[in-house]
Amino acid sequence: SAERRGHEQALYDESLGHDAEQRLLIENALRLAIERDQLELHYQPKVELASGRIIGVEALARWRDRTTGEWIAPDRFIAVAEESGLILVLGAWALREACRQNREWAAQGLPPLVVAVNLSAVQLQQSDLPSVVRRILAETGMPAEYLELELTESAIMEYPEQANLLLRELKSLGVKLSIDDFGTGYSSLAYLSRFPVDLLKIDRSFINALEQDSSAAAIATSIIAMAHQLGLQVIAEGVETERQLAFLQRHGCDQIQGYYFSKPLAAADLGWLLTQDRRL
Ligand code: C2E
Ligand code: CA
Ligand code: CA
Ligand code: CA
């Protein structure tokens, strides 16, 4: 309709000065996109350094602009979804779709993969989150140990006591929990280790700075060592170069994720990559 075209054009009109107005346009367009099933998940491989093999993927939401055919990056719509509450619908959709896709790959005979889904701080404030997750696991027939939930340090620290209870409930379902973007907040690893998490993801900003900034390298090294002492696995995100990889291998990092190995891929492309058994 003309009205809808109007919305889609306005969505990309950089001259639109009013933040609130722009947010409302994105919100309405996003609501329609969710209703019409126009979002997709792309999947970025996580590679285990010991074997060089893909052992999991991170599911990342993608929204295709119907007028230009371009993908709209989540940075442009996740915040709007969080402010409007749409993130609850989007988040449940992402969980269900990631589990469904994981089962589809398994049905195709591909090697088992852990699929990680990002959770927003807003979802962590919903006391029914564990029952939402339990229902989705049951509906999709997904074994809980193949689902990983990524939570940022700042989401956990917003209401730490409440988060701790919720994480314990989630953990009791059998899913894996990881702390995303670690190192960007101010919480200590000792404090975070009281939460029932399995994995720590070192933020891309440290990985990015490894070669130029000796303090970033020192921080990354000590995060790896301390996490291991606390019984946590460590993954580095945003690995783009051979030298970053070599550094992480040398310091005993467990897994890597980043453009060096692969960008996030559409489900079919990831499935194809798995059949190739490509090693790092
Ligand atoms: P994130 O969870 O930290 O995800 C990693 C981001 O880094 C992704 O951006 C990924 O495409 C990008 N990336 C991966 N490897 C590299 C690399 O080597 N170099 C560089 N420069 N970037 C790399 P993306 O897909 O644009 O997502 C941005 C953020 O949006 C995510 O950050 C996450 O916070 C959020 N997000 C995406 N999908 C979802 C979702 O389904 N739910 C929620 N709550 N948040 C989501
Ligand atoms: Ca993440
Ligand atoms: Ca991250
Ligand atoms: Ca990030």
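Atom set for the values below is all heavy atoms of this structure, side chains included, hydrogens, waters and symmetry mates excluded. Ligands are counted one by one from 1 in listed order, and the atoms in each one are counted from 1 as well.
Which parts of ligand 1 touch Q44 is read off a 4.0 Å heavy-atom cut-off, strictly below it: atoms 14 (C), 15 (N). Shown in contact with E58 at under 4.0 Å from a heavy atom are these atoms of ligand 1, numbered in order with element: 2 (O), 4 (O). Shown in contact with D75 at under 4.0 Å from a heavy atom are these atoms of ligand 1, numbered in order with element: 28 (C), 29 (C). The G258 neighbourhood of ligand 1 comprises atoms 15 (N), 18 (O), with distances under 4.0 Å to a heavy atom of that residue. Listed by atom number, the atoms of ligand 1 under 4.0 Å from D181 heavy atoms are 3 (O).
For L41, no heavy-atom contact with ligand 1 is shorter than 4.0 Å. Of the heavy atoms in N118, both backbone and side-chain atoms come closer than 4.0 Å to ligand 1. Looking at D180 against ligand 1, only its side chain comes within 4.0 Å, counting heavy atoms. Of the heavy atoms in K263, none comes closer than 4.0 Å to ligand 1.
Interatomic distance, CD1 of I202 versus CD1 of I223, reported as 5.0 Å (0.5 Å rounding).
Salt bridge annotation for K201-E58: present, with a cationic side-chain nitrogen under 4.0 angstrom from a carboxylate oxygen.
In this structure a side-chain-to-backbone donor-acceptor pair under 3.5 Å is missing from E145 to G174. Between the side chain of E153 and the backbone N or O of S187 there is at least one donor-acceptor pair closer than 3.5 Å.
Between H251 and F247, the ring-plane angle classifies as tilted under the 30° and 60° cut-offs.
The nearest N/O/S atom of D181 to the Ca ion (ligand 3) is OD1. Note on D180: its N/O/S atom closest to the Ca ion (ligand 2) is OD2.
Closest heavy-atom approach to atom 20 (C) of ligand 1 among the candidates Q244, E240, K201: E240. When the options P264, S262, P45 are ranked by their closest heavy atom to atom 11 (O) of ligand 1, first place goes to P264.
Of the polar atoms of A94, none of the N or O atoms is found under 3.5 Å from an N or O of ligand 1, judged by distance alone.
Among the atoms of E58, an N, O or S atom falls under 3.0 Å from the Ca ion (ligand 2). At a cut-off of 3.0 Å, E237 is counted among the residues with an N, O or S atom near the Ca ion (ligand 3). Contact annotation: N118 places an N, O or S atom under 3.0 Å from the Ca ion (ligand 2). Not one N/O/S atom of E150, from backbone or side chain, sits under 3.0 Å from the Ca ion (ligand 3).
For the ligand labelled ligand 1, residue R204 lies inside the 4.0 Å heavy-atom shell. Contact analysis leaves Q257 out of contact with ligand 1, as no non-hydrogen atom separation drops below 4.0 angstrom.
Separation of the Y146 and W105 ring centroids does not fall under the 6.0 Å cut-off.
Hydrophobic clustering (side-chain heavy atoms under 4.5 Å, transitive across Ile, Leu, Val, Met, Phe, Trp, Tyr) keeps L245 apart from I55.
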